[in-house]
Amino acid sequence: MVVEKTISSDVLSKYEMVVGLEVHCQLLTQSKIFAADANSFGADPNTQISVITLAHPGTLPKLNRQAVEFAVRMGLACGSEITRYNVFARKNYFYPDLPKGYQLSQDKGPICVGGGIRVKVKNPVTGQPYETTIQIHHIHLEEDAGKSIHDGDDWATQLDYNRAGTPLIEMVTDPCIQTAEEAGQYLTEVRRLVRYLDICDGNMEEGSLRCDVNISVRLKGATQLGTKVEVKNLNSIRNVQRAIEAEFRRQIDVVEAGGRLIQETRTFDAATGRSYAMREKETMNDYRYFPDPDLTPVVISDDWLADIQANMPALPGAVYQKFTTFYGLPDYDAALLSDTKELAEFYEAVCTDTTNYKAASNWIMGPLKGQLTEKQLRDRQFPVTPSQLAALITLIDNGTVSQTAAQQIFGLMANQPNAQPAAIAQAHNLVQNRNTDALKTLVEEVLAAWPDKVDQYRKGKKNLLGLFVGEVMKKSKGSADPKLVNQLLVETLAG
Amino acid sequence: MEQYLTRIDEHRHLNVFTEVYAEEARRQADAVDQKLANGLAGKLAGMVIGLKDVLSYAGHGLRAGSNMLDGFTAQFTATAVQRLLDEDAIIIGRQNCDEFAMGSSNENSAFGPVRNAADPERVPGGSSGGSAVAVQAGLCLASIGSDTGGSVRQPAAFCGVVGLKPTYGRISRWGLIAYASSFDCVGPITHTPDDAALLLEVMAGPDAFDSTVSSRPVEAYSQTQLPSRPLRVGYLREGVDSDGVDESIRAATQRTIDQLRAAGHEVEPVDFSLLNYLLPTYYILTTAEASSNLSRFDGVRYGYRAVTSVSDLVSLYKKSRTEGFGPEVRRRILLGTFALSASYYDAYYTKAQQVRRLIRQETERVFNQYDFLISPTTPTPAFRLGEKADDPLQMYLADIFTVQANVVGYPAISVPNGTDAAGLPIGLQIMAPPFAEGALVAFARSLV
């Protein structure tokens with residue numbers, strides 16, 4: 001068994017980490033970035049491969065403009081400078097999952113330069129919340145490689161080229177991230193953004209969002225950066241954070257022991273929480289980048305850029321803003337509802353059919369969200385439709401059903417998109433009794449049964465009203481509209 | 001049809017075709033006859049055409065003169081070839097060439113050298129050697145070759161036929177095996193400039209599969225007439241003055257100059273100051289691009305794969321590529337890899353790109369003054385087989401006059417210009433400004 005060396009907090013506090021992240025997002029374009037093959041996850045191996053994907057002799061790439069638009073969307077969302085004249089370069093290396101023997105990427109002049117993403121973080125020591133901006137160095141466009149499958153066969157590596165040519169953006173941050181928490185919040189925010197922008201499904205388990213960590217340590221106050229180590233194979237935000245913490249400690253261990261860190265690539269093993277050396281970093285590898293002569297430069301004209309801007313989906317910040325101002329929601333509601341695009345859109349859909357915005361928020365944050373798994377939420381598998389929920393809220397607001405009955409109706413119409421709440425209320429006897437004459441009789445019966453109390457009430461003991469309401473409700477077997485009962489009692493007692 | 005098939009049979013010693021589609025060509029011919037009878041035939045009805053073995057034709061073998069593509073069958077048809085078929089041309093077979101279009105003598109082929117019909121002990125030029133000899137020996141009416149540094153024009157000159165390299169981007173490269181992407185052009189080899197013009201008309205034009213192809217409309221190149229004014233013609237001074245150019249060729253070029261002057265045209269010598277930089281620029285950039293273009297031939301997905309003593313991935317690559325490629329291709333891959341490597345990138349690749357720009361600018365200046373620029377196509381007539389095989393530098397010099405058109409992307413044509421004392425063909429090259437193929441062909445027509 002490996003005995004974990006523990007580093008004293010004194011030693012730990014002498015050091016700080018410097019982290020930069022490289023995030024790859026697979027773009028949700030319909031076809032690949034340089035070929036017409038379908039771009040989708042989970043198809044049978046080698047079914048989405050044309051002669052272009054397989055790099056048959058004589059084939060040429062043809063740029064998918066949608067991939068460019070998606071990259072620009074991300075750049076605009078991050079406040080990046082958009083590069084107008086884009087050149088694709090060949091990154092040359094041999095690997096069986098790379099059909100052409102080079103990857104089409106951007107070397108000089110990435111499509112988006114600069115910008116940043118605002119994150120809310122908690123100080124790990126003090127627990128104090130603070131906000132900071134993670135600076136984006138650049139975002140560039142490139143194509144994904146295929147997949148090597150090493151465990152499908154005992155003696156051979158199998159290759160699936162479906163993924164080859166999937167468009168990717170690679171987002172590279174400055175080395176400005178100071179804690180694992182910041183890294184985690186940044187990734188959460190990136191994932192939220194790509195989902196809001198409809199450019200990537202943000203699924204780290206399936207690899208449509210991938211993150212590599214570059215991390216070095218140095219003594220606090222030092223200005224020189226330490227030796228950078230890259231950690232790969234991180235398939236969740238939590239693992240990114242774990243890997244950063246583990247690598248931070250490992251590097252301090254090495255330095256404290258008087259050793260020297262080497263620039264290398266390590267792979268993280270989520271099971272053990274440790275990283276292992278992979279190969280000497282690409283300082284050894286010469287990619288021989290040069291502009292791809294098969295692709296003409298992509299010029300993003302003013303018109304095209306304006307068009308992309310005009311068709312930008314709303315961003316989380318703007319949605320939050322709208323929820324607090326237009327719908328008048330409290331901060332808490334607005335934050336929760338705008339957390340995911342799916343929920344925000346559902347909320348807005350409900351609000352097209354009701355003006356009781358706060359009630360809509362309560363229903364979504366409570367009963368609706370309570371029933372949803374993360375996956376159902378992402379797949380928009382809501383138990384009720386927005387119009388069903390709006391109709392239910394209207395029934396409560398006009399007194400047709402009580403809150404309690406509404407909860408029941410909500411359960412009854414779940415997964416029955418055609419069921420009408422009003423019909424369910426009728427069928428299950430959940431409509432409140434609003435028959436004034438019938439209720440008046442009940443009121444009179446109750447008052448007649450409690451002459452003493454009536455007397456006391458009339459002498460000023462107004463809080464006895466609750467008792468009368470309760471008794472009337474009991475007599476109606478809960479079907480009476482309490483508001484109406486209240487009103488009738490006050491009138492009768494006054495008369 | 002039968003006459004061509006018979007002639008192909010009679011000329012097997014020239015090693016022109018790597019595969020003849022005899023039965024298929026007969027069927028195609030019958031179908032075209034039918035169409036002709038019904039008045040529905042296309043522009044090229046009955047034209048029997050051979051393809052350099054670097055053009056993809058679905059369902060047919062594709063080898064690029066290499067063992068690397070052993071057993072490979074094309075799965076799609078090149079745009080240029082498809083357009084020929086759509087106009088009812090008959091494809092008779094595919095033709096031997098230098099491996100991956102790299103060479104000036106057609107000696108670098110896995111299928112063995114092609115021989116010049118004018119003298120079978122001599123080379124036909126390259127890399128479209130088989131395509132030129134096929135026309136020279138009457139084995140087909142026309143061939144479609146490719147020209148990266150002279151590979152259509154130089155063999156055309158050696159074989160006494162017409163070779164046209166169009167403007168870069170005039171004909172789609174979709175389906176043309178890439179040698180150097182920013183230089184490669186598909187081009188016809190024919191008996192007459194008009195045939196070349198007709199084929200160009202059919203093959204040229206926009207293509208969704210090639211983003212570098214020009215969207216300019218295609219003109220009726222075979223119908224274009226020269227202006228009635230006297231032409232301004234520049235000639236490369238070295239072409240008639242340099243000791244490096246064969247006496248007979250200098251004399252032939254001078255004769256053309258004299259004739260043009262006699263016909264009232266303005267003909268002046270041009271000193272191209274960057275002439276000595278053409279070949280280095282060409283070889284650095286084409287080998288750089290080639291080193292990357294040929295990376296896909298790795299033994300993984302198709303083509304040749306080494307089987308013996310392969311122990312791991314690296315040895316699979318090394319052995320497959322060493323055994324699959326011939327020496328000239330390996331040499332150019334190594335040169336190009338070197339030129340692109342980090343320590344030498346700026347000294348070679350970047351510098352060559354800068355010089356390419358300067359060459360373009362100087363060429364533009366020349367064409368501000370002249371309608372055409374003429375020169376010999378080659379410094380010598382066809383040389384003997386094996387004569388330069390061991391001297392790559394001497395071999396590369398065979399392209400001295402042709403590479404400029406590829407470096408700058410201008411159209412150029414080689415037309416027959418007599419023979420030397422031994423009866424070997426001599427070629428005259430004419431270069432024109434971009435997209436002036438119509439005028440180029442018209443001028444060429446006036447010279448032959």
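A note on names: the letters A, B, ... follow the listed sequences, proteins ahead of strands, and every chain is numbered from 1. Since this is a predicted model, take the numbers as computed values, not measurements.
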Supply the atom-to-atom distance [X] [atom1] to [Y] [atom2], rounded to the nearest 0.5 angstrom.
X	Y	atom1	atom2	result
L60(A)	T212(B)	CG	OG1	6.5 Å
K100(A)	S295(B)	NZ	OG	11.0 Å
E289(B)	D292(A)	CD	CG	9.0 Å

Below 4.5 Å, heavy-atom pairs only: which of D298(B), T337(B), L62(B) has the largest tally toward chain A?
T337(B)
Plane angle bin for F290(A) and Y349(B) - parallel if under 30°, tilted between 30 and 60°, otherwise perpendicular:
perpendicular
Residue from S182(B), S181(B), S211(B) passing side-chain hydrogen bond (donor to acceptor under 3.5 Å, both in side chains) with D294(A):
S181(B)
I want to know whether H56(A) and Y302(B) have ring centres closer than 6.0 Å.
yes
Could you tell me which portion of Y161(A) (side chain, backbone, both or neither) has an atom closer than 4.5 angstrom to a non-hydrogen atom of chain B?
side chain
Taking side chain as everything from C-beta outward and backbone as N, CA, C, O, which of these in L159(A) sits under 4.5 Å from a heavy atom of chain B? Side chain, backbone, both or neither.
side chain
Between [X] and [Y], is there a donor-acceptor pair closer than 3.5 Å when you use the side chain of the first and the backbone of the second?
X	Y	answer
R173(B)	G58(A)	no
R296(B)	P57(A)	no
R288(A)	A342(B)	no

Checked G101(A), A36(A), A55(A), P61(A) vs chain B; the most non-hydrogen pairs under 4.5 Å come from A55(A)
Given a strict heavy-atom distance threshold of 4.5 Å, which part of L55(B) is in contact with chain A: side chain, backbone, both, or neither?
neither
